[in-house]
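Structure record follows, encoded as structure tokens.
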Amino acid sequence: MRTTQYLLGTLKENPANAEVVSHQLMLRAGMVRRVAAGLYTWTPTGLKVLRKVEQIVREEMAAAGALEILMPMVQPADLWQESGRWEDYGPELLRLKDRHQREFVLGPTHEEVISELVRKEISSYKQLPMNLFQIQTKFRDEIRPRFGVMRSREFIMKDAYSFHTSDACLEKTYQAMYDAYTRIFTRLGLNFRPVIADTGSIGGDMSHEFHVLASSGEDAIAFSTESDYAANVELAEAVAPSTPRDEATQELNKQATPNVKTIDDLVSQFNVAIEQTVKTLIVHGTDDHGEPTLVALVIRGDHSLNEIKAAKIKGVLSPLVFATEEEIQAAVGAGPGSLGPVGLKLRTIVDRSAAVLSDFVTGANDDGYHYFGVNWERDAACTEVEDLRDVVEGDPSPCGKGTVRIARGIEVGHIFQLGTTYSDAMKVSVLNESGKSQNLAMGCYGIGVSRIVAAAIEQHHDDKGIIWPEATAPFQVCILPMNMHKSVRVKEVAENLYSELQAAGFDVLFDDRKERPGVMFADMELVGVPHTIVIGERNLDEKAVEYTARNSSEKVKMPIEDVVSYLKGL
RNA sequence: CGGCGAUUAGCGCAGUUUGGUAGCGCACUUGGUUUGGGUCCAAGGGGUCGCAGGUUCAAAUCCUGCAUCGCCGACCA
């Protein structure tokens with residue numbers, strides 16, 4: 001491709017409204033343009049990268065035995081009503097009507113459509129297992145789209161769905177997908193980790209997320225320092241402390257703390273260690289008779305509540321709903337800044353780490369007062385102990401080996417064993433070997449294709465621009481002729497090399513613009529082309545050109561006739 | 001949905017406090033100059049100042065409403 005015939009679209013200045021580096025670079029390198037919130041046009045350079053990612057995903061899915069299909073983006077509402085998600089999905093599901101006033105949705109995912117297909121097409125266990133995938137545009141009406149294509153409303157996803165007559169068979173395909181995903185992200189040149197994940201609203205038993213490690217990632221991941229264990233912090237277990245609770249040494253005493261509204265106030269004004277404080281959070285729940293009630297959750301002052309863990313406790317509303325200040329006042333008689341387990345008349349669930357404290361400090365359920373020297377059993381009941389908090393750096397690893405380290409990741413893939421949730425709702429069944437109708441076990445496997453492009457840039461860039469891994473670079477090589485418009489020799493060598501490289505199968509960008517050298521260098525570095533050949537009068541007397549790799553500052557002078565074989569050998 | 005902020009040329013911004021008929025840099029066009037790291041000089045094109053209403057002799061500027069966009073939070077395969 002010649003730059004004079006190409007839409008390069010590079011920007012010298014950083015666009016406003018682009019927060020993360022991948023978003024900035026995608027705009028500056030001319031890969032995408034914003035159309036509306038969370039909606040982007042992929043311009044030629046961006047589309048080339050996107051297609052390369054798609055192709056790798058497609059090849060590895062096919063190699064793992066999945067069959068490619070293409071389902072519609074617009075889906076009839078009745079399928080969603082059948083699965084129950086018409087009600088459950090909420091405002092993220094964009095609903096629309098056609099000219100006959102029939103209701104449709106813009107597909108955020110395709111479990112319903114695939115179930116509809118499979119229940120019609122597959123009728124015998126002999127046709128199973130089957131794994132079908134597509135690479136399709138999805139639409140999710142995100143509350144807050146951000147970070148460019150990283151969290152957009154319209155995005156491209158590879159989604160696969162597998163169907164089985166037994167859990168053992170599902171597990172086998174699940175493992176095959178796990179392995180395929182590992183190959184895909186390896187081929188893409190990404191530093192990634194599979195992590196144990198929450199199954200979330202989609203349900204099911206077993207789930208892994210694949211995360212590209214990057215400081216800008218939206219998810220926190222807990223790793224073991226000594227094993228392969230990795231889990232999303234949402235899910236990672238905070239192991240119960242092995243040391244038993246110390247004996248009480250202090251008397252319970254109530255002190256006036258008029259200016260204390262938060263744990264930080266308490267720590268700074270009364271000289272107590274934050275680890276010796278306890279905070280109490282009030283959430284909505286139901287009692288044994290299913291009646292609405294409030295539940296108190298107690299965690300150590302320096303820890304933070306894990307809402308997913310809390311919501312999984314029986315009798316706690318899921319998703320978690322915090323009590324309002326008015327509700328707390330009505331139930332306890334004190335404001336949120338003065339709550340504590342002593343004398344509290346609500347069901348109280350204590351976090352494992354809070355449960356081993358002694359002589360601790362907590363609110364007195366009386367505005368402006370705290371209890372000091374509090375001890376469990378003696379001063380407050382501690383009957384229910386659960387894992388309620390996020391793990392923190394230095395905790396013992398849940399796997400039993402090493403301690404926890406926290407890193408940030410961008411979720412680029414997610415695989416689930418769904419079981420029969422959808423096939424029960426959608427009646428996806430076949431006749432099994434004994435001639436009985438059986439609902440199918442199902443797995444689903446997603447990869448955020450467009451998100452991968454952004455994630456790759458987060459991981460591979462410097463202050464000059466993008467540094468594409470070989471596999472996803474928009475062009476493999478670029479030719480930069482110095483003052484070609486003044487030098488017949490330079491033009492001739494550049495044109496010849498351009499033809500030769502193309503003939504040898506390289507995707508090459510030939511910068512034939514009448515631009516100053518600095519402009520060309522800056523643009524090619526911004527776009528991130530991995531290999532650059534510079535042709536200038538300076539070296540032509542020796543019939544030589546100069547090679548540089550994007551990921552190195554080293555300049556290599558080489559004879560013109562060696563260029564093709566040199567690049568082939570890389 | 002709550003809090004905060006923004007909206008002036010294709011992009012990045014100044015001008016708004018104190019009302020007086022719109023400016024800078026980049027990009028673009030033309031001519032010259034320069035030529036291995038975003039040259040320099042000159043000339044030029046491009047704006048219903050987000051929209052609607054109001055105040056005023058006069059509104060980018062003051063007032064009211066709305067829209068769009070972004071940040072933080074809540075939410076989310």
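Since we're looking at a predicted model, the values are computed, not measured. Quick note on labels: first sequence line is chain A, next is B, and so on, each numbered from 1.
For Glu458(A) (side chain) and Ala214(A) (main-chain N/O), no donor-acceptor pair under 3.5 Å exists by modelled atom type.
Counting to the nearest Å, the P atom of C76(B) and the CG atom of Leu320(A) are 11 Å from each other. The interatomic distance linking Met524(A) (CE) with G36(B) (P) rounds to 18 Å, in whole Å. Rounding to whole angstrom units, CZ of residue Arg550(A) and P of G37(B) are separated by 17 Å. A straight line from CG of Leu235(A) to C1' of A77(B) spans 15 Å, rounded to a whole angstrom. Taking atom CG on Asp219(A) and atom P on A77(B), their separation rounds to 11 Å, with Å as the unit. We find that NZ of Lys557(A) is positioned 13 Å from C1' of G36(B), with the value rounded to whole Å. In this structure, the CZ atom of Phe147(A) is 17 Å from the P atom of C76(B), given to the nearest Å. Residue Lys158(A) contributes atom NZ, which lies 17 Å from atom P of A77(B) at whole-angstrom precision.
Phe155(A) comes within contact range of at least one nucleobase, with a heavy-atom separation under 4.0 Å. When heavy atoms are screened at a 4.0 angstrom cut-off, Arg34(A) is found touching the sugar-phosphate backbone but no base atom. Contact annotation for Lys486(A): base contact, defined as any heavy-atom pair under 4.0 Å involving a base atom. Residue contacts for Met520(A): at a heavy-atom cut-off of 4.0 Å it reaches no nucleic acid atom on any strand shown. Counting non-hydrogen atoms under 4.0 angstrom, Glu525(A) reaches a base of the nucleic acid. Backbone-only engagement by Ala37(A) is indicated by non-hydrogen atom pairs under 4.0 Å involving sugar-phosphate atoms exclusively. Among the protein residues, Glu218(A) comes within range of no part of the nucleic acid, since none of its heavy atoms lies under 4.0 Å from any strand.
Looking at Glu209(A) and Asn232(A), their side chains do bring a donor and an acceptor atom within 3.5 Å of each other. Side-chain contact of Asn306(A) with Glu234(A): a donor-acceptor pair under 3.5 Å is absent, judged by distance alone. Side-chain contact check for Asn496(A) and Glu500(A): no donor-acceptor pair (N or O, by modelled atom type) lies under 3.5 Å.
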Between the protein and nucleotides 3-14 of chain B, are there any N/O to N/O pairs under 3.5 Å, and if so, what are the atom names and distances?
unit_1: G12(B); atom_1: OP1; unit_2: Ala16(A); atom_2: N; d: 3.3

Could you pull out the protein-nucleic contacts involving nucleotides 39-44 of chain B (nitrogen or oxygen on both sides, under 3.5 Å)?
unit_1: U39(B); atom_1: OP2; unit_2: Arg516(A); atom_2: NE; d: 2.9

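One finds a salt bridge joining Glu112(A) and Arg85(A) here, because a Lys/Arg side-chain nitrogen approaches an Asp/Glu carboxylate oxygen to under 4.0 Å.
The shortest distance between side-chain heavy atoms of Tyr161(A) and Leu418(A) does not fall below 4.5 Å.
Closest to the Lys555(A) side chain, of the nucleotides G70(B), G36(B), C75(B), is G36(B).
In this structure Ala310(A) satisfies the side-chain contact (heavy atoms from CB on, under 4.5 Å) test together with Leu297(A), Leu305(A), Leu320(A), Leu388(A), sequence neighbours excluded. Scored by the side chain to side chain donor-acceptor pair (under 3.5 Å) test, Thr182(A) finds no partners at all (sequence neighbours excluded).
Side-chain atoms of Arg144(A) stay outside donor-acceptor range of the base of C75(B), with no qualifying N/O pair under 3.5 Å. A donor-acceptor contact under 3.5 Å is not formed by the side chain of Asp523(A) with the base of G37(B).
Separating the P atom of A59(B) from that of G54(B) is a span of 12 Å, rounded to the nearest Å.
Nucleotides of RNA chain B nearest to Glu19(A) and Glu92(A) differ in position, and the one nearer the 5' end is that of Glu19(A).
Here ring pair (Phe, Tyr, Trp, His ring centres under 6.0 Å) pairs that include residues 515-537 of chain A, with residues two or more places apart or in two chains, are His531(A)-Tyr547(A). The salt bridge (charged side-chain N to carboxylate O under 4.0 Å, His left out) contacts involving residues 515-524 of chain A comprise Arg513(A)-Asp523(A), where partners must be two or more places apart or lie in separate chains.
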